[in-house]
Amino acid sequence: MVWTGTWVSDRLGIELAGDDELRGLLGLALRRNPKRAHLLVSGVLGKHVPQLPSVVHGHGVTLGRRVRALLGPEEAARAVVLGYAETATALGHAVADGLETAPYLHSTRRPVASVPSAGGFEESHSHATSHLLLPEDPAFFDRGGEAGRGPLVLVDDEFSTGNTVLNTLRDLHARHPRDHYVIVALVDMRAPGDAGRLAAFAEETGARVDVVAHARGTVRLPEDVLARGLRLVEEQDGRTADPLVPCAPAVAPVRLELGWPAGLPDGGRHGFTPDHRARLREALPAMATRIVDGLGGPGQAGRVLVLGFEELMYAPLVLARALEEAGLDVRFSTTTRSPVLAVDDPGYAIRTRLAFPAHDDPADGPGERYAYNVAGGGFDTVLAVVDSAADTPALHAPGGLLAQLATAAPRVALAVLPAHTPVPRTPDRQEPPVLPAPLRGPDFSSYEPDDVGWLLQDLSAVRLEAPVEEREEAVQRGGAHYAESLPVEYQPTEEYQELYRDALAGSAARIARAVGTVTELVLAERSPRPVLVSLARAGTPVGVLMRRWARHRHGTELPHYAVSIVRGRGIDANALRWLAAHHDPADVVFVDGWTGKGAITRELADALAGFPGFDPEIAVLADPGSCVRTYGTREDFLIPSACLNSTVSGLISRTVLRDDLVGPHDYHGAKFYRELSGSDVSRDFVAAVEARFDEVADAVDQQAKEAASADRAPTWEGWAAVERISEEQGIHDVNLVKPGVGETTRVLLRRVPWKILARRGAGADLAHIRLLAEQRGVPVEERDDLPYTCVGLIHPRYTRGATGADGKAVGSA
């Protein structure tokens, strides 16, 4: 194949010297620019040359992974990424994807009155020089936690002289000084003298500066190259007719509705967080399906070009990537402000040019815009993706972008993304520079301060409790989510408390054995120094005990935090961000008390899909549902901590997630019931189990050894049983079937129970269940075919006129 820099090299004597990969990455073209004659044209950037979306995205992700390896997990978790407009906006996004946990911002030439500038710099060789930094979050550049500002990763497509990077570094270092900068580019083409200036900056500031690039080399330029280049452009202009044709499309473009998620930014112009990344990834398959259907199906789309719009590169890129994954023959490129000479020669990088007026009312005034290598590309369909600010009459006018695209492809389609409007920050709505530190006892919870840090916000002053019947009716009618309120805390009778004490005395050794076994498996198979993260609140007593076991048997102090996860709403993303900023996500082990049918197990796996690095596998004390492979036992037995509510869980309520109380930058909430301290047995429960550690040590060693060599793959038997019971009982909703002793207890304490199914002969494990059922007038039905010790059934179609086990009332509700 002919190198796409041959035409320019032969005529102007420009040469590329360096790594063997350079010619595969770069071609050459001539700028229409009096400041620089040549343009290095990347074949993998997705700007001037249509390319496979997987290739474009993959190059950026690979660079991001190299940066992550350079920084190490802790520093990578504290980093922020800055990309350069317009050419490197998608590349910077992809680098942030490779880093996994980093927020991203790119510079912009589109000012927004409501957002103050966080900096700016000049790109001296460009035709449009001024860059603005407009993060919606004023603390964007201060990310890093208690250790100070984390590394700043600057991403550009090429690193030619280093002037733009130096301008950026000097501006940002004066505003937000830090110790480490990483410069990332597809190609590092600096001359030796230019490299020295970056080293001088590092020496001057005391900051470390690293450079990461796919390939390195230099551009050798004759002394008179600028003058000769300008003359060559003039000559070619006299010979080549510009393909600008002021015409209207014969057929109106197909407008495709993507179903873009509400509130999701269309890119990194004002910041793009890991949460945004996760939401976009989740929505991409459905949007790709809408595009394919809108084009008439896979067989009708033909060869497709997804064409982004100037700075709007990343969203069109990942849409194109989703189409590629769906099996379409698709390429990706973007319109640009850069005026470049087009020469139809195999040895020249820019073969064709479409020119059209700017269509987004730019702040610097009207001007011409371009789409390169679209005409003559053999595309059957061109899908133009713009934001709503650019969906103007000029876009649709004769001679506008859509009309020009119609001269290059038989079919043109248009997708419009809602342009993100930043929310003005007022003094009373400023976000904290960093997420709050975990809450600890005695200010929040009755546990020892070192036992657990709660990644929650304290809602103790808010009235959240509602009668159980009122909550049930609201939830089942769809008017409320169960996490938007709290049940009134059950106050146990003396008889019930006596049952709890008897249960603890009889099962403390059994619990200690399960605690020891699951902790030893975690230490052996997950991480030698795991970070325990319990799912509040049922998992928290187990996390405290696992931490105590590690200290007692191994002298190891394991960090332990509690976070909120809500069925149907996912895990607390802010808590995950705090964890990622302070620990290696690979060391995080999520802990829960027990499995029922495995709903939370699945919820966690789904929620973590957008947070790479975290392992979704839960470690539990008991796994009667056979939903996980890290457990202390698979027996369904009475765990005394399931018998009570807050009084055995550090006096903390279940977690709350309500829009008027929990903002986008807040942790989920919970209450600390200080007033119940007289009934608190949280520390007593932990102490009673810990007292049995020495007694069960040998049994734990043997059990852990056997478990290590056993087949512990989840079978999901519990889920199958729940589906069967749901149909047998005429409920037809697995969410109303709560299997296992722990879940059945929750039904009796927090929900409106309909009936209890109990395994015949279960004995002491069900004593407290029978007492609670008697107190609430709920029948207990003995069964011989239960895989669990018991199953609690929530009243289906509950209304306050159909309480108890009135089957007729249920059927007519």
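Side-chain atoms are counted along with the backbone in the values below, which use heavy atoms only and exclude waters and symmetry mates.
- The CZ atom of Phe272 lies 8.0 Å from the CG atom of Asp97; values are rounded to the nearest 0.5 Å.
- Using a cut-off of 4.0 Å between Lys/Arg side-chain N and Asp/Glu carboxylate O, Asp137 and Arg143 are scored as not salt-bridged.
- Residue Gly347 comes nearest to Asp345 through the heavy atom pair N-OD1, 2.7 Å, listed as atom of the first residue, atom of the second, then distance.
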Take Val44 and Leu25 through the test side chain to side chain contact (heavy atoms under 4.5 Å, CB included) and record every step on the way to the result.
-> CA-CA 6 Å; Val44 298; Leu25 293 172; 3.9 Å; yes

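- Shown here is Glu325, whose CD atom has more than 12 heavy atoms of other residues, nucleotides or ligands within 6.0 Å.
- For CG of Asp660, the number of neighbouring non-hydrogen atoms (other residues, nucleotides, ligands) closer than 6.0 Å is greater than 12.
- Side chain of Asn373 to main chain of Ile350: no donor-acceptor pair is present (N/O by atom type, distance under 3.5 Å, no hydrogens or angles).
- How far CG of Asp329 is from CZ of Arg331: 5.0 Å, rounded to the nearest 0.5 Å.
- Among residues two or more places apart in sequence or in another chain, the ring pair (Phe, Tyr, Trp, His ring centres under 6.0 Å) test is passed with Phe140 by none.
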Walk me through it: do Thr62 and His59 pass the test side chain to side chain donor-acceptor pair (under 3.5 Å)?
-> CA-CA 5 Å; Thr62 299; His59 274 76; over 6 Å; no

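- A 4.5 Å side-chain heavy-atom check between Leu169 and Tyr181 finds at least one atom pair inside the cut-off.
- A salt bridge does not link Asp380 to Arg303: none of the charged side-chain nitrogens sits closer than 4.0 Å to a carboxylate oxygen.
- Residues Leu186 and Glu158 are not in side-chain contact: their nearest non-hydrogen atoms beyond the backbone lie 4.5 Å or more apart.
- Residue Leu12 holds its CG atom at 5.5 Å from CG of Leu30, rounded to the nearest 0.5 Å.
- Thr336 and Glu86 share a donor-acceptor pair across their side chains, judged by distance under 3.5 Å alone.
- Proximity of a side-chain donor or acceptor of Arg277 to a complementary backbone N or O of Glu100 within less than 3.5 Å is detected.
- Looking at Arg369 and Glu310, a side-chain N of the basic residue comes within less than 4.0 Å of a carboxylate O on the acidic one, giving a salt bridge.
- Counting heavy atoms from C-beta on, the side chains of Leu134 and Thr108 come closer than 4.5 Å.
- Here the side chain of Arg269 pairs no donor or acceptor atom with the backbone of Pro135 at under 3.5 angstrom.
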Could you please spell out the steps behind the side chain to side chain contact (heavy atoms under 4.5 Å, CB included) verdict for Leu295 and Leu256?
-> CA-CA 8 Å; Leu295 296 178; Leu256 303 179; 4.3 Å; yes

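- In summary, Asp387 and Arg110 engage in a salt bridge, as defined by a charged side-chain N under 4.0 Å from a carboxylate O.
- With Ser107 contributing its side chain and Leu133 its backbone, the two residues share no donor-acceptor pair below 3.5 Å.
- Residues His359 and Phe309 place their aromatic rings such that the two centres sit under 6.0 Å apart.
- With 3.5 Å as the limit, one finds a donor-acceptor pair spanning the side chains of Asp391 and His396.
- Salt-bridge check for Glu257 with Arg290: failed, with every basic side-chain N at 4.0 Å or more from each acidic carboxylate O.
- Remark: the backbone N or O of Leu307 is not paired with any side-chain donor or acceptor of Thr334 at under 3.5 angstrom.
- Shown here for Leu91 and Asp157, the closest heavy-atom pair between the two residues is CD2-CA, 3.8 Å.
- Side-chain contact between Val212 and Asp188 is absent, with no heavy atoms from C-beta onward closer than 4.5 Å.
- With values rounded to the nearest 0.5 angstrom, Tyr84 atom OH is found 14.0 Å from His106 atom NE2.
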For Ile183 and Asp156, run side chain to side chain contact (heavy atoms under 4.5 Å, CB included): C-alpha distance rounded to whole Å, both residues' side-chain angles, the deciding distance at 0.1 Å, then the answer.
-> CA-CA 8 Å; Ile183 316 303; Asp156 207 351; over 6 Å; no

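- Ser54 and Glu324 form a side-chain donor-acceptor contact under 3.5 Å, judged by distance and modelled atom types alone.
- If you take NE2 on His276 and CZ on Arg279, they are separated by 7.0 Å, rounding to the nearest 0.5 Å.
- At least one donor-acceptor pair under 3.5 Å links the side chain of Glu311 to the backbone N or O of Arg109.
- Between Tyr314 and His57, the ring planes are tilted. Angles from 30° to 60° get that label.
- The nearest pair of heavy atoms linking Thr4 to Pro346 is CG2-O, 3.8 Å.
- A donor-acceptor contact shorter than 3.5 Å links the side chain of Trp3 to the backbone of Leu26.
- Of the inter-residue distances, the one linking Trp7 atom CH2 with Asp344 atom CG reads 11.5 Å to the nearest 0.5 angstrom.
- Formation of a donor-acceptor pair under 3.5 Å by the Thr89 side chain with backbone atoms of Ala85 is not found in this model.
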Mind running side chain to side chain contact (heavy atoms under 4.5 Å, CB included) on Val184 and Leu154 for me, showing each step along the way?
-> CA-CA 6 Å; Val184 180; Leu154 295 97; over 6 Å; no

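- Summarising the local packing, CG of Asp293 is surrounded by more than 12 heavy atoms from other residues, nucleotides or ligands at distances under 6.0 Å.
- With 3.5 Å as the limit, one finds a donor-acceptor pair spanning the side chains of Asp142 and His176.
- The shortest non-hydrogen separation linking Gly43 to Val49 is CA-CB, 4.3 Å.
- Between Val225 and Ile14 there is a side-chain heavy-atom pair separated by less than 4.5 Å.
- A distance-only check finds no donor-acceptor pair linking the side chain of Arg411 to the backbone of Val254 [under 3.5 Å].
- Between Val374 and the options Leu405, Thr407, Thr352, a side chain to side chain contact (heavy atoms under 4.5 Å, CB included) holds for only Leu405.
- In this structure, Lys47 contributes its side chain and Thr335 its backbone to a donor-acceptor pair below 3.5 Å.
- Using bins of under 30°, 30° to 60° and over 60° for the plane-to-plane angle, the ring pair Tyr370/Tyr372 lands in the parallel bin.
- Taking all atoms of both residues into account, the shortest heavy-atom contact from Ala403 to Ala397 is CB-O, 3.8 Å.
- Side chains of Arg228 and Arg11 form no contact here, defined as non-hydrogen atoms less than 4.5 Å apart.
- Proximity of Leu284 to Val318: side-chain heavy atoms (C-beta onward) are separated by under 4.5 Å at one or more points.
- Between Tyr104 and His93, the ring planes are tilted. Angles from 30° to 60° get that label.
- In this structure, the side chains of Leu258 and Leu319 come closer than 4.5 Å at one or more pairs of heavy atoms.
- Relative ring orientation between His270 and His420 is described as tilted, the plane-to-plane angle lying within the 30° to 60° band.
- With 3.5 Å as the limit, one finds no donor-acceptor pair spanning the side chains of Gln51 and Ser333.
- Counting all heavy atoms, side chain and backbone alike, Leu305 lies closest to Pro50 at CD1-CB, 3.9 Å.
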